[in-house]
Amino acid sequence: MTTEARTDPGRYQPADIEARWRERWDRDGIYRVADHVEGRPNRYHLTMLPYPSGDLHVGHWWAMAPSDALARFYRMRGYNVMFPMGFDSFGLPAENAAIKGGRHPRDWTDANVERMRGQLRAMGAMFDWDREVDSSQPEYYRWTQWWFLQLFNRDLAYRKKAFANWCPSCNTTLANEQVVDGRCERCDTEVIQREMEQWFFRTTRYAEELLDNHDLDWPEHVKVMQRNWIGRSQGAEFTMQVQGRDDAAFRVYTTRPDTAFGMTFAVLAPEHPLVEAITAPEQRAAVQEFVERVRRTTEIERLSTEGPAEKRGVFTGAYAINPFNQQPVPIYLADYVLTSYGTGAIMAVPGQDERDWDFAQAYGLPIVRTVQPPEDFEGDAYMGDGPAINSQWLDGLHKAEAIERAVEWLEKQGIGERKVNYRLRDWLISRQRYWGAPIPIVHCERCGAVPVPEDQLPVELPYDVEFLPTGQSPLALSEEFVNVACPQCGGPGKRETDTMDTFMCSSWYFMRYADPHNDQAPISSESAEAWLPVDQYTGGSEHATMHLLYARFFYKAARDMGLVPGDEPFTRYFSQGQILGPDGRRMSKSRGNVVAPDGQVQRWGTDTFRAYLMFLGPWDQGGPYDVEGIVGVHRWLSRLWTAVTDPPALSERPEDAPDLLATAHAVLKKVGEDYDHKHFNTAIAAMMELTNALQRLRDQGQVDRASWEEAVRLLLLMAAPAVPHITEELWARVGGGYSIHQQPWPAFDPSLIARDVVEVVAQVNGKVRARIMVAPDASEEAARHAAMEDEHLSSLVAGKELVRVVYVPGRLLNFVVK
RNA sequence: GCCGGGGUGGCGAAAUCGGCAGACGCAGCGCACUCAAAAUGCGCCGGGCGUGAGUCCAUGCGGGUUCGAGUCCCGCCCCCGGCACCA
């Protein structure tokens, strides 16, 4: 083959080889992965699965190609690596497309999946397609429903009437996590509050454990985001009596019980259940008007700090008794107090809280300081530490101790206690849309909400449905779907018509890959033991507080059911940065800065495109896609091609390839370390250097055969994870056995890397003045001697007082002179 | 406002432990090959002064520690991402 190639080397034409090798790999099933392989420990690599929008974009390649290289690297390192792929195929776009274009979501989705599967295959990744999951298929969502039932049975799924985030454009409720700055995460429409019966998952039950993520091998910023989102706060809760009303009392939550003597008013959330009962007749009209207005405002307006403060609250006409000093304080309603946090009611201490301060100013309420601010304090409310004042038996105590005393006092009085609160809310999973997994519940007048028996799953989505965006689930319009016998009493029942948030599907998909065809259970215990948890997860950090948090919740619940090993779903997680358009902005059709991967692949080939994405810059940073730069990577692969297919005349004299083996092994060492640390850009750069070294030798004429062949062999092996096609082709041409992707990762030879002489920098007062060649372990004596032979340097030292000499063997020699 | 990540040539970047700043690549310039172009190869490529050897300046800004700082410390500025009435 080599001889043949020399006579007609041919140019590097990726189109000629890439599809051919993919077909071969496919045919031979070299990426099919068994649950157990003798002598090869299992390792689970995973990259986030795409939504089948119908077109794979650069972002997918950017996320997946390096993940694939990493998985391949570990495979070569001797692991039995599972690297699966699938489709998160439920969700709004399919339904919106159906409404707009008259195409059924099922057909739209299936066509997109088909197309994207083809695009993903063209990536040349080692995906094991036998394990593909497709979350909108009944075989999959049957188990999504099964999970719902397990959560229901464990009281982790419940239904309640509550104010929920409602997106008027998507016509559905949203989880807290899906509301960004008061807007729908998906369509940017302002979200309003609507009171509805909704299903929730009790994520808060695991709040404490979810918070404890310190030991996870995850990017710090993602862990911090999760901790902030969960937002643990420690304080106290206590009861306040409404003045003159033995039947009316409410609870307040505070993190600062030490400041209670400074309470000058109390505030209830406008939605607080007590509002009606305590409002004084003369305030009724004003209160009603205020409550109505708050209910109508969007989240954005409500959270806005702009606008007249006077409109933010209203006096109820009632008073509450501050239990600490028995003083009556007026009870207000204010939009800044939320029903969904704490008790929906607060004690207001303007002296120590900014929001209370602003409110007190606006309504002319008194302000009492209970913590002595430092002399140079210039602000309004003082939140820092200091001795308590105006607080009777707390006076003089500092914050921590005063809080402690106040809580003890509350407990002794029997009116309050220590309390931990979380910002995290339970996960609202009901969606009033069609294209999702139906919630497997039947509502029966006699029995209430009855779970569908497991053997009747899946509750299938009816195909024949009207997609009217009414704000009610389209399923509700299907008589056939809705009317059903109660599984418990056999009487007339009605199916739940809401479907589940698609994040439910992605909360457990990684489990299914381990056992994708099991029709008895979502995953067998053997498969779970074999593969879980995921060893290396990669994907965007925009999922920090959604998918990545939900999946952790889910896994912990599954663990408590005895279904999965360990406590965490993703042992290691790495978030790549974001790839931007050439203009440095987010790629989007409206900006016209979208780079189509198919076009890049067509023009340059899969390997070039893959390697270029890895070469662009540090993977965790992201950045603009520079359309010009890719040619450099293509040139690299062309040089590699030429060097291998058209080698120089080979001799049998090692001196005909000085340093080649040293370079090859040094590069091998570096590339292995770089892959391991996901520094793909520098790994590619190092391989370019080795290729350049080959190129230079080649132009010189005679090259030692053994060195040349070894260097080529190593270069192909180390490049294989990054550029799987060209390396397979060249590997075959140099007579390597099929397949290069089943070869072990070569070990570098440290003795070859070590050099006899190295360049050491000679400095005078820290400035480089000469370079000397000495042995890496040369004595200081010898190095100084060598340096002094340099005329320029010795002239700079001569006649000066030598204060000190710093010698770092193999690095530098510094003469400090005066 | 709070939390996290950044700021290095014309551009993307590198410098693993405090030790040669700019590896690798893009663009640019010059040259070879060519009728020509493409492709390919070779050379140059942070700035100033100098014919040159060399030398001075230079990693957002200002200080500091050190024989030596892109890297460590203190104080600022700017960009990106996240959170933001959570009592």
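Residue numbering restarts at 1 for every chain, and letters A, B, ... go by the order of the sequence lines.
Remark: of the listed residues V633(A), L640(A), I726(A), I726(A) is the sole one forming a side chain to side chain contact (heavy atoms under 4.5 Å, CB included) with D607(A). The side chain to side chain donor-acceptor pair (under 3.5 Å) test with Q352(A) singles out one residue from T370(A), D258(A), T259(A), and that residue is T370(A). When Y550(A), F200(A), W229(A) are each tested for a ring pair (Phe, Tyr, Trp, His ring centres under 6.0 Å) with W427(A), only one passes: Y550(A). The residue from N421(A), V420(A), L424(A) that alone fulfils the side chain to side chain contact (heavy atoms under 4.5 Å, CB included) condition with R232(A) is V420(A).
H221(A) has its NE2 atom 12 Å from the C1' atom of rC3(B), to the nearest Å. The nearest whole Å value for the distance from the CG atom in N681(A) to the P atom in rC26(B) is 15 Å. Whole-Å rounding puts the Q621(A) CD to rU8(B) P distance at 11 Å. Summarising the geometry, the separation between CG on D626(A) and C1' on rC24(B) is reported as 15 Å, rounded to the nearest angstrom. Atom C1' of nucleotide rG19(B) and atom CZ of R769(A) are separated by 16 Å, given to the nearest angstrom. Atom-to-atom, CG of L616(A) to P of rA14(B) comes out at 11 Å; the value is rounded to the nearest Å. Distance N176(A) CG to rC83(B) P: 12 Å, rounded to the nearest Å. Rounded to whole angstrom, the span from the CG atom of D676(A) across to the P atom of rU16(B) amounts to 17 Å.
D646(A) and R698(A) are joined by a salt bridge, as a carboxylate oxygen and a charged side-chain nitrogen come within less than 4.0 angstrom of each other.
Here Y422(A) lies out of heavy-atom contact (under 4.0 Å) with every strand. Residue E673(A) is in base contact, counting any heavy-atom pair closer than 4.0 Å across all strands shown. Among the atoms of the strands shown, none is found under 4.0 Å from any heavy atom of H679(A). The residue E759(A) sits close to a base: some heavy atom pair falls under 4.0 Å. Residue contacts for L812(A): at a heavy-atom cut-off of 4.0 Å it reaches a base atom on one of the strands shown. Within the 4.0 angstrom heavy-atom criterion, no nucleotide atom of any strand lies near R586(A). Contact annotation for N421(A): no contact, since no heavy-atom pair falls under 4.0 Å across all strands. Among the atoms of the strands shown, none is found under 4.0 Å from any heavy atom of P219(A).
With both ends at atom C1', the span from rC17(B) to rU51(B) equals 44 Å, rounded to whole Å. Comparing the C1' positions of rA32(B) and rA14(B) gives a spacing of 31 Å, expressed to the nearest Å. Between rG50(B) and rG63(B), the distance separating the two C1' atoms is 34 Å to the nearest Å. Taking the P atoms as reference points, rU8(B) lies 11 Å from rU59(B), given to the whole Å. Taking the C1' atom of each, rA37(B) and rC20(B) are spaced 42 Å apart, rounded to whole Å. Remark: the separation of the P atoms in rG10(B) and rA23(B) is 14 Å, to the nearest Å. Using atom P as the reference point in both rU34(B) and rA38(B), the two lie 15 Å apart (nearest Å). Straight-line distance between the P atoms of rU16(B) and rG22(B): roughly 13 Å, to the nearest whole Å.
The environment of E417(A) atom CD is dense: over 12 non-hydrogen atoms of other residues, nucleotides or ligands sit within 6.0 angstrom.
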Original post:
Would D620(A) and Q576(A) satisfy side chain to side chain donor-acceptor pair (under 3.5 Å), going step by step from the backbone distance to the final call?
Top reply: CA-CA 4 Å; D620(A) 58 348; Q576(A) 77 276 357; over 6 Å; no

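Its glycosidic angle being within 90° of 0, rG9(B) falls on the syn side. For rC67(B), the glycosidic angle deviates from 0 by more than 90°, giving an anti base.
Remark: R696(A) is not in phosphate contact with rC42(B), judged by side-chain N or O atoms under 4.0 Å from OP1 or OP2. Look at N692(A) and you won't find any side-chain N or O under 4.0 angstrom from OP1 or OP2 of rA23(B).
Nearest nucleotide to the T255(A) side chain, out of rA87(B), rC83(B), rC20(B): rA87(B). Distance from the side chain of K767(A) is smallest for rC56(B) among the nucleotides rA21(B), rC56(B), rC83(B).
Formation of a donor-acceptor pair under 3.5 Å by the W62(A) side chain with backbone atoms of G577(A) is found in this model. Under the 3.5 Å distance criterion, the side-chain polar atoms of N593(A) are matched with a main-chain donor or acceptor of R586(A). Within the 3.5 Å criterion, the main-chain N or O of N681(A) finds no donor-acceptor partner in the side chain of D674(A). At distances below 3.5 Å, at least one donor-acceptor pair connects side-chain atoms of R552(A) with backbone N or O atoms of L210(A).
Judged by closest nucleotide on RNA chain B, P618(A) is the one of P618(A) and V768(A) placed further toward the 5' end. Toward the 5′ end of RNA chain B lies the nearest nucleotide of T682(A), the other residue of the pair A685(A) and T682(A) mapping further downstream.
Checked against a 6.0 Å centroid threshold, the rings of F574(A) and W619(A) count as neighbours. F359(A) has its ring centre less than 6.0 Å from the ring centre of Y332(A).
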Taking Watson-Crick and G-U wobble contacts under 3.5 angstrom, with | marking pairs to another strand and [ ] crossing pairs, the secondary structure of RNA chain B is written (((((((..(((......[....))).(((((.......))))).((((....))))..(((((..]....))))))))))))....

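In the region residues 627-640 of chain A, proximity to RNA chain B at under 4.0 angstrom, judged on heavy atoms, holds for E628(A), G629(A), V631(A), G632(A), R635(A), R639(A).
By the 30° and 60° cut-offs, the orientation of the rings of F609(A) relative to Y625(A) is perpendicular.
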Can you tabulate the close N/O pairs, meaning under 3.5 Å, that link protein atoms to atoms of nucleotides 67-71 of chain B?
unit_1, atom_1, unit_2, atom_2, d
rC67(B), OP1, R804(A), NH1, 3.2
rC67(B), O2, N814(A), ND2, 2.6

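Note that R610(A) lies outside the cation-pi zone of W61(A), set by a 6.0 Å cut-off to the ring centre and a 45° limit from the axis.
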